[in-house]
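Have a look at the structure below, then the notes.
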Amino acid sequence: MELPGAASERGSWGTRLGFILAAVGSAVGLGNMWRFSYVAAEGGGAAFVLLYLLFVTLVGIPVMTSELIIGRMTQVSPIKAIRQLGGASWAPLGWLFVAAGFGLLSYYSVIAGWTMRFATDAMRGAIPQDTATYFNQVGTNLPAIVTHVIFMAITVFIVGRGVKKGLERTALILMPMLFLLLVGLAIWSATLSGGGPGYAYYLKPRLNELLDTAIITDAAGQAFFSLSLGMGAIMTYASYLKSKRNLGREAVTIAATDFGVAFVAGLVVFPIIFHFGLGEAIGLGGVLNTDNTVGTLFITIPPALQSIGSFGNVVIAAFFVMLFFAALTSAISLLEVVVASVIDNWHWPRAGAAVTFGILITLAGLPSALNLNFLTFADRLFGAFFLMLGGLLTAILVGYRALPEADRELAQGLQHPGLRRAWSTAIRYFVPPVLLVVLSFGIKPLWNAFRALIGG
Ligand code: PFF
């Protein structure tokens with residue numbers, strides 16, 4: 001029996017738009033631009049994009065619907081929610097979620113820090129021509145630590161303010177600005193000459209690449225990362241939902257907006273990269289003296305835009321401000337998973353939980369700020385492997401342990417029996433085997449990233 005004041009203390013969304021924008025804000029992040037462009041560039045462009053779209057539709061939407069169901073049904077944070085549904089033996093899944101959120105935010109914030117640095121430097125006209133060297137200077141060590149700490153402080157501040165005043169208000173302000181900036185940039189980059197091969201690389205799949213297991217795993221991992229799935233973020237947001245709207249429709253809205261933003265971001269990035277030669281973008285490992293390409297976006301975008309004259313710095317600043325907004329609304333959801341769990345399980349006050357765990361996550365991010373190989377490894381481990389594992393286990397839990405309850409919850413808002421059957425069939429018979437296969441493909445790249453880490 002719930003106490004009368006308990007729900008309002010826990011917080012809830014003020015409006016449907018607020019919830020949708022916050023969920024879209026979680027989904028749309030560095031994943032859509034930084035990660036999408038570097039993984040798509042590694043994975044052959046259009047083939048990757050096509051596989052990614054398939055995973056978003058066939059795996060992402062059913063898993064997102066499941067997370068929305070669990071959150072709204074239980075009205076508690078993931079650790080408790082999972083235990084309510086699966087009993088004590090499933091409790092580790094809730095902890096896996098929190099560990100993923102903790103680990104993911106630790107390096108995510110380092111990259112978000114780069115966006116702040118590049119945005120402010122562009123405004124001051126202080127980004128030099130040689131961005132590879134510059135990125136090496138500001139992307140690691142003390143400068144990276146400074147921007148990482150600042151970014152975490154902003155995130156902690158917003159999460160500390162709570163669901164309506166922190167999470168919802170930030171999304172309502174930043175998301176429309178982000179959409180405007182993105183559309184403006186896409187229109188501008190369509191006017192670039194020489195972008196044609198960029199569009200072709202991005203939009204014309206070479207079919208033989210569709211069967212490449214590395215590309216398949218990358219596409220699946222990217223779908224989970226970009227949709228914020230597999231670690232209870234969407235679940236946590238849904239636990240603040242009161243209304244009995246159609247959760248299937250909410251899942252499609254969130255996923256479609258997220259894909260739309262990633263796709264348009266690709267329309268911005270690829271013509272620019274190609275306008276200035278793909279070789280440079282793909283060969284970044286050599287430029288950076290590391291085995292990774294995490295800096296692709298940061299190294300290629302500024303020199304390309306600087307070449308158009310002084311207006312270039314305005315466009316660079318707009319680009320990185322947009323990235324910063326996107327990162328912030330996602331980081332908020334990452335920290336919220338951890339903080340909501342601490343509040344629900346240990347009954348800590350929100351502000352105390354946000355500050356304490358904010359500090360711990362900031363410390364955990366230091367290795368990523370000091371070593372890009374560590375960052376890459378953390379991204380493979382937390383940003384792909386943990387999320388897919390979390391998604392697999394969520395599907396098994398919902399599909400095999402709690403299907404009747406889950407279906408009843410979904411039915412509140414989604415009356416169509418055929419659509420509900422499509423969802424339950426996907427979550428039982430399609431999502432688990434696909435994720436098992438993809439996870440097994442994912443072990444090798446994870447191992448390689450680990451070897452690069454200890455070897456370098
Ligand atoms: N979806 C975010 C992005 O694309 O950048 C990252 C993310 C946020 C992943 C929240 C997972 C999550 F729970």
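Just so you know, ligand 1 is whichever comes first in the structure, and atom 1 is the first atom listed for that ligand.
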>> Is the distance between the ring centroids of Phe55 and Phe224 under 6.0 Å?
In response: no
> Would you say Arg428's side chain and Gly399's backbone share a donor-acceptor pair under 3.5 angstrom?
Replying inline: yes
Identify all N/O pairs between ligand 1 and the protein with a separation under 3.5 Å and present them as a table of atom names and distances.
residue	atom	partner	partner atom	Å
ligand 1	1 (N)	Ser26	O	3.0
ligand 1	1 (N)	Ala27	O	2.9
ligand 1	1 (N)	Phe225	O	2.8
ligand 1	1 (N)	Ser226	O	3.1
ligand 1	1 (N)	Ser228	OG	3.0
ligand 1	4 (O)	Ala27	O	2.9
ligand 1	4 (O)	Gly31	N	3.3
ligand 1	4 (O)	Asn32	OD1	3.4
ligand 1	5 (O)	Leu30	N	3.0
ligand 1	5 (O)	Gly31	N	2.7
ligand 1	5 (O)	Tyr108	OH	2.5

> How long is the span from the CZ atom in Arg380 to the CG atom in Leu453, to the nearest 0.5 Å?
Replying inline: 13.0 Å
> Does NZ or CZ of Arg35 lie under 6.0 Å from the centre of the six-membered ring of Phe225, at an angle within 45° of the ring axis?
Replying inline: yes
> Is the shortest heavy-atom distance from the side chain of Leu297 to the side chain of Trp114 under 4.5 Å?
Replying inline: no
> Given Ser26 and Glu336, is the side-chain hydrogen bond (donor to acceptor under 3.5 Å, both in side chains) satisfied, shown in steps?
Replying inline: CA-CA 10 Å; Ser26 167; Glu336 181 63 23; over 6 Å; no
